[in-house]
A.B. asks: 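Let me begin by handing over the structure; questions about it come next.
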Amino acid sequence: MTRVLMLLLAAVLFSGPAHAGIDDAINNFTAPIATVIGQIVFFKITIAGAELPLVVLWLVAGAVFFTFYMGFVNIRGFGHAIRLVRGDYADPDSAGEVSHFQALATAVSGTVGIGNIGGVAVAVTVGGAGATFWLIVAGFLGMSTKFVECTLGVKYRNENPDASVSGGPMYYLRQGLSERGMPGFGKFMGTLYAIGIFVGALGIGNMFQSNQAYVQLNNVAGGALDGYGWLVGLILACIVFSVIIGGIKSIASVTEKIVPFMAVFYCVFALIVIMMNGSAIPQAIANIFTGAFTGEGVAGGALGALIIGFQRAVFSNEAGIGSASIAHAAVRTDEPVTEGYVSLLEPFIDTIVICTITALVIGTSQVADPNFAGDATGIAMTSAAFERQLSWFPIPLAFAGLLFAFSTMISWSYYGLKGWTYLFGEGEMGQNGYKVLYCLFVVLGCVVQLGPILDISDALVFLICVPNILGLYFLAPIVKREMQSYMARLESGEIKSFRH
Amino acid sequence: MDNVVLLAVDGSAGSDRALDHALKRAKTAGSKLVIAFVIEWSPYTFNTPEENAQRHERREAEIDRANEMVVAPALARVTGEGIEAEGVVRHGQPAETLIRLARDHNAAQIVIGRRGQGGLKSLIFGSVAGNLIQTAPVPVVVVP
């Protein structure tokens with residue numbers, strides 16, 4: 001192992017710019033493909049000068065519908081969600097099964113990725129401060145979508161012969177729609193989703209993550225890694241490889257345990273930076289509100305800000321994409337709807353708390369010094385905002401970014417794999433093939449520039465949400481029935497708290 | 001209160017000594033024994049999706065192992081001596097779970113073996129017997 005590292009190091013030190021060409025070559029090859037895919041998925045209609053990608057409209061419409069249809073479960077179910085996570089309703093006899101807390105923590109680890117650090121900066125750069133407002137609104141509405149998809153994820157999960165469980169949109173689409181008398185349609189949708197998730201996992205959960213992790217590493221290294229994206233990618237891919245193929249579970253377990261602390265660490269220091277920018281806070285908040293409705297300086301005005309905000313919110317909290325319901329499906333409960341309530345908290349933590357904090361760090365820095373970041377975007381911009389006040393912070397930020405990226409990559413490799421096994425069965429060969437491909441995309445992510453990566457990731461992710469949300473419309477009445485019956489029994493005292 | 005004694009076992013030497021003691025007491029007082037094995041577990045840990053997916057089978061395996069290795073042999077020995085007994089295996093925080101079991105079974109007493117760990121170790125890991133003494137609603141016998 002040491003010898004390999006030495007060789008790699010030697011390669012870096014002595015090869016010089018010759019290898020920088022590798023990055024360029026791959027980049028030149030991939031960029032046009034990304035543009036084409038992006039154009040197809042983000043088919044835009046132009047309203048009042050703003051370009052509205054249909055797929056964003058699709059997600060927003062879904063989230064608004066589920067919010068109303070479920071009677072604002074995102075507000076009314078919030079308190080109950082917290083009690084469930086605290087374990088108030090956990091039957092001591094089933095202790096030892098996956099708890100609500102554990103399912104939530106796992107799902108949150110998967111969603112809190114580098115998008116919370118870098119994606120928000122992209123939103124603010126393109127959509128102005130006002131995008132933050134719409135980001136929060138999207139997070140709030142997304143809570144209802146999550147509620148629906150995670151309830152279904154538990155209700156229609158599949159128990160494998162080895163007693164492990166598989167769940168997620170492909171399963172609820174197939175079984176749920178078949179229950180509603182549309183078995184053929186359900187099968188088709190399940191397959192479509194499974195294809196979407198295993199291809200999409202390569203984008204949102206993989207390339208975007210490794211790309212931003214590399215950018216920040218290079219950033220703190222003072223540009224010393226310019227042109228060596230392939231090398232950083234290769235190292236990252238090796239670690240991912242060792243976990244998902246080599247079965248070195250300890251790396252994944254350790255990451256899972258550190259990520260929550262990193263998230264808290266990140267939020268605490270973000271709040272400190274916001275406080276240090278104290279005098280800029282009122283103006284930054286005012287900018288968010290005025291920007292949301294005037295869209296000053298943003299292409300497409302207020303509507304432009306709204307679109308960007310929604311796009312980045314969904315990209316971050318994954319509501320409507322259905323991925324989290326794969327993670328939530330592991331919970332064993334007689335009441336699937338309880339997992340729906342718990343999952344409400346996910347967009348709340350991810351988008352309303354963490355993304356907003358990041359947005360405020362950037363926003364207050366912009367007020368204090370409009371040109372603080374130069375022309376940096378993504379995570380480099382967030383890093384610059386922290387650096388203005390805490391000069392040492394980019395280094396722990398790079399570390400946090402790496403960890404977030406890594407845990408998201410691990411979670412998504414699992415989501416993607418579930419899509420794969422749904423389609424092709426549990427065969428060892430196929431699974432390993434998928435995993436190798438997954439690792440290759442980690443490298444690719446570090447090499448290609450952010451623009452094309454975002455195009456590809458966004459495109460792939462949004463492709464998945466089409467079958468998912470369409471299915472959710474059909475299945476929403478089932479969820480509503482479950483919710484009403486559960487709530488009635490909760491109020492009548494039939495479902496009791498175990499906390500005395 | 002019923003004449004029930006809750007015996008905490010974990011397969012250690014200390015738990016064997018506790019079993020000896022509980023057996024003697026049950027014989028003289030004609031009590032029933034509830035032999036409990038608590039598998040240390042917390043609902044507030046962070047796991048990978050894969051760990052969660054396999055949790056159910058793991059749990060079953062853990063319970064089976066605890067039963068097989070510790071609870072069943074103890075039960076066999078106790079019932080062999082003509083004492084009424086039942087075995088339970090639970091996941092949870094040990095002291096808390098034992099207290100709940102004591103309540104559920106209306107136990108008059110909890111018997112537990114001492115691990116005998118030193119100051120630093122018990123400072124870091126805590127001591128189940130110590131916790132029990134502080135929080136149990138019934139008398140606790142700690143067997144050295």
A.B. asks: Which atoms of Glu51(B) come close to chain A, meaning under 4.5 Å heavy atom to heavy atom: side chain ones, backbone ones, both, or neither?
C.D. replies: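 It is the side chain, since no backbone atom gets that close.
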A.B. asks: Between atom OG1 of Thr106(A) and atom CG of Asn52(B), what is the distance when rounded to the nearest 0.5 Å?
C.D. replies: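 Rounded to the nearest 0.5 Å, the OG1-CG separation comes to 4.0 Å.
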A.B. asks: Closest approach of Pro43(B) and Ser99(A), non-hydrogen atoms and distance?
C.D. replies: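 Looking at all heavy atoms of both residues, the closest pair is O-OG, 2.6 Å.
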A.B. asks: Heavy-atom distances under 4.5 Å only: say whether Asp93(A) touches chain B with side chain, backbone, both or neither.
C.D. replies: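 Asp93(A) touches chain B through backbone and side-chain heavy atoms alike.
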A.B. asks: What part of Ser109(A) is in contact with chain B, defined as an atom under 4.5 angstrom from a non-hydrogen atom: side chain, backbone, both or neither?
C.D. replies: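 Neither part.
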A.B. asks: Show the nearest heavy-atom pair for residues Pro92(A) and Arg90(B), with the distance to one decimal.
C.D. replies: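 In terms of heavy atoms, the two residues are closest at O-CD, 4.3 Å.
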A.B. asks: Run the numbers on Tyr414(A) and Glu50(B) for side chain to side chain contact (heavy atoms under 4.5 Å, CB included), then give the verdict.
C.D. replies: CA-CA 7 Å; Tyr414(A) 179 78; Glu50(B) 234 171 336; 3.8 Å; yes
A.B. asks: Using non-hydrogen atoms only, which part of Val331(A) is less than 4.5 Å away from chain B: side chain, backbone, both, or neither?
C.D. replies: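 Interface part for Val331(A): neither.
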A.B. asks: Within this structure, what is the CD-CD distance for the pair Glu159(A) and Glu57(B), rounded to the nearest 0.5 Å?
C.D. replies: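 Reported value, rounded in 0.5 Å steps: 10.5 Å.
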A.B. asks: Can you see which heavy atom on Ala53(B) is nearest to which on Ala330(A), and at what distance?
C.D. replies: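 For Ala53(B) and Ala330(A), the tightest heavy-atom pair comes out as N-CB, 4.0 Å.
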A.B. asks: For the candidates His100(A), Lys257(A), Arg332(A), Arg157(A), which exhibits the highest count of non-hydrogen atom pairs separated by less than 4.5 Å from chain B?
C.D. replies: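 Sorted descending by pairs with chain B, the first entry is Arg332(A).
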A.B. asks: Hey, is the main chain of Ala95(A) close enough, under 3.5 Å, to the side chain of Arg59(B) for a donor-acceptor pair?
C.D. replies: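 A pair under 3.5 Å: yes.
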A.B. asks: Please determine whether the number of non-hydrogen atoms from other residues, nucleotides or ligands lying under 6.0 Å from atom CD of Glu84(B) exceeds 12.
C.D. replies: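 No, CD of Glu84(B) has 12 or fewer neighbouring heavy atoms, counting only those of other groups under 6.0 Å.
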A.B. asks: A quick test of your reading: do over 12 heavy atoms of other residues, nucleotides or ligands sit less than 6.0 Å from OH of Tyr44(B)?
C.D. replies: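 Enclosed: over 12 neighbouring heavy atoms sit under 6.0 Å from OH of Tyr44(B).
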A.B. asks: For chain A, find which of Arg55(B), His56(B), His91(B), Gln54(B) contributes the most heavy-atom pairs closer than 4.5 angstrom.
C.D. replies: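 Heavy-atom pairs under 4.5 Å are most numerous for His56(B).
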A.B. asks: Quick check on Pro260(A) against chain B: is it the side chain, the backbone, both or neither that has a heavy atom closer than 4.5 Å?
C.D. replies: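 Only the side chain of Pro260(A) comes within 4.5 Å of chain B.
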A.B. asks: Please name the pair of heavy atoms, one in Phe46(B) and one in Ala105(A), separated by the smallest distance, quoted to 0.1 Å.
C.D. replies: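 Phe46(B) and Ala105(A) have their closest heavy atoms at CD2-CB, 3.4 Å.
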A.B. asks: Quick check on Arg58(B) against chain A: is it the side chain, the backbone, both or neither that has a heavy atom closer than 4.5 Å?
C.D. replies: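 Neither part.
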A.B. asks: Can you tell me how far apart CD1 (Ile244(A)) and OG1 (Thr48(B)) are? Round to the nearest 0.5 Å.
C.D. replies: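 The OG1 atom of Thr48(B) is 12.5 Å from CD1 of Ile244(A), to the nearest 0.5 Å.
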A.B. asks: Given a strict heavy-atom distance threshold of 4.5 Å, which part of Thr97(B) is in contact with chain A: side chain, backbone, both, or neither?
C.D. replies: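 Looking at Thr97(B), nothing touches chain A.
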